[in-house]
Amino acid sequence: MPEGHTIHRLARDQAKDLVGHQLGASSPQGRFAEGAALLDRSTLEATEAHGKHLVHRYDNGQILYVHLGLIGKFRRRKLDTELIGAIRLRLEGPERAWELVGPMRCELIDEDELDTILSKLGPDPLGPKPDVDEFARRLQRRRIPIAAALLDQSVVSGIGNVYRSEICFLCGIDPRRPAKELSDTEMEELWASTVEQLEIGVRLNRIVTVSRDEVDKPLSRLNRTERLYAYKRGGMECRRCGDEIKSDEVGARKVWWCPTCQS
DNA sequence: ATAATATGGTGAT
DNA sequence: TCACCCTATTATC
């Protein structure tokens, strides 16, 4: 679930349900009991997404910081449904509740701590001012493989393991090529593709990189391998050229690519 | 019933 | 590079 598109979509959806309202906050599971008590009955003023980082600002000055990590989820529920699972934080608005489960981080922080976190992030393709030049500058400094650089949140924020394979495929770039050796044009194409794909991700609330004319079903009815070109398709045929999708470890995680379409 | 897996990240070795 | 954290779901015995 959680790459940058998920977090930006959450910020948007939670704003709609919760901003401007005095919330009920609790920690049914108990591990965030003190924090929840400090948020309870305060009014949410704004939500923000920065790459994979989610922020809530409350009218009592509290700043809630959430990072979902690999397995965290923020789920939208109707108000009087049964509580299921290890709910770290439950926020109740007038019509809906949001339940946070399994986050890597969920804490109240101050403005300085938030600045420290945000200062480590590269440009956000979904941010208010997407900065292709800054992206290119940061790529030029890295001799690591491009697929490793795309995962590095200080190079670009919001890309995860699915998007890095998909974006390299869409741009026809071998994920193992050193980042700094890409041409200006290739860097610009990577950025444009990243912005485009993450925006689609926000709109559909899921990662779908295949283009409409390459599938016969509505995008919403595709299963995971059908929605993607490369990620976890090792051994399968490339849907563009029929060659066999390969995979390898790059930057401590697996990446998939088509040896013919990407060079 | 137990293990493996997951779209992430950190801190120790 | 490895161990570890967080939880739910799926796979394997």
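Because only heavy atoms are used, hydrogens play no part in the values below, and waters and symmetry mates are left out as well, while side chains stay in. Sequence lines set the chain letters: A, B, ... in the order given, protein chains first and strands last, and positions in each chain run from 1. Because the structure is a prediction, the values reported are computed rather than measured.
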Side chain of [X], backbone of [Y]: donor and acceptor closer than 3.5 Å?
X      : Y      : answer
A:H67  : A:G69  : yes
A:S42  : A:L39  : yes
A:S27  : A:F32  : yes
A:E166 : A:A230 : yes
A:N60  : A:L38  : yes
A:Q262 : A:I173 : yes
A:R9   : A:V202 : yes

Among residues 76-86 of chain A, which ones have heavy-atom contacts with DNA chain C below 4.0 Å? A:G85, A:A86

Strictly below 4.0 Å, heavy-atom distances to any atom of DNA chain C: list the hits from residues 29-39 of chain A, or just say none. A:Q29, A:R31

Sugar-phosphate, base or nothing in reach of A:G102, heavy atoms under 4.0 Å: base

Inspect the surroundings of [atom1] in [X] and state if more than 12 heavy atoms from other residues, nucleotides or ligands are less than 6.0 Å away.
X      : atom1 : value
A:E249 : CD    : yes
A:E107 : CD    : yes
A:K180 : NZ    : yes
A:K254 : NZ    : no

Let me know the distance between [atom1] of [X] and [atom2] of [N], rounded to the nearest Å.
X      : N     : atom1 : atom2 : answer
A:R206 : B:dA6 : CZ    : P     : 18 Å
A:I207 : B:dA6 : CD1   : P     : 14 Å
A:I117 : B:dG8 : CD1   : P     : 18 Å
A:E3   : B:dT7 : CD    : P     : 9 Å
A:Y163 : B:dG8 : OH    : C1'   : 16 Å

List, by chain and number, the other hydrophobic cluster members for A:I84, where Ile, Leu, Val, Met, Phe, Trp and Tyr join if side-chain heavy atoms come within less than 4.5 Å, directly or indirectly. none

Relative to the ring of A:Y65, is the ring of A:H53 parallel (under 30°), tilted (30 to 60°) or perpendicular (over 60°)? parallel

Aromatic rings A:Y163 and A:H5: how do their planes relate, parallel, tilted or perpendicular, breaks at 30° and 60°? perpendicular

Would you measure the distance from the [atom1] atom in [N] across to the matching atom in [M] and give it in whole Å?
N      : M      : atom1 : result
B:dT5  : C:dC2  : P     : 16 Å
B:dT7  : C:dA11 : P     : 15 Å
B:dT13 : C:dC5  : P     : 14 Å
B:dA3  : C:dC4  : P     : 15 Å

Give every pair of a protein N or O atom and an N or O atom of nucleotides 2-5 of chain B that lie under 3.5 Å apart, one pair per line with the distance.
none

Identify each atom pair where a protein N or O and an N or O of nucleotides 9-13 of chain B are less than 3.5 Å apart, giving names and distance.
{"from": "B:dG9", "atom 1": "OP1", "to": "A:H67", "atom 2": "NE2", "distance (Å)": "3.3"}
{"from": "B:dG9", "atom 1": "OP2", "to": "A:K52", "atom 2": "NZ", "distance (Å)": "3.2"}

What I want to check is whether the side chains of A:R88 and A:Q29 have a donor and an acceptor closer together than 3.5 Å. yes

Bounds of contact between DNA chain C and chain A, in 5' to 3' order, using a heavy-atom cut-off under 4.0 Å: C:dC6 to C:dA8

If the threshold is 4.0 Å, N to carboxylate O, is there a salt bridge linking A:R203 and A:E199? no

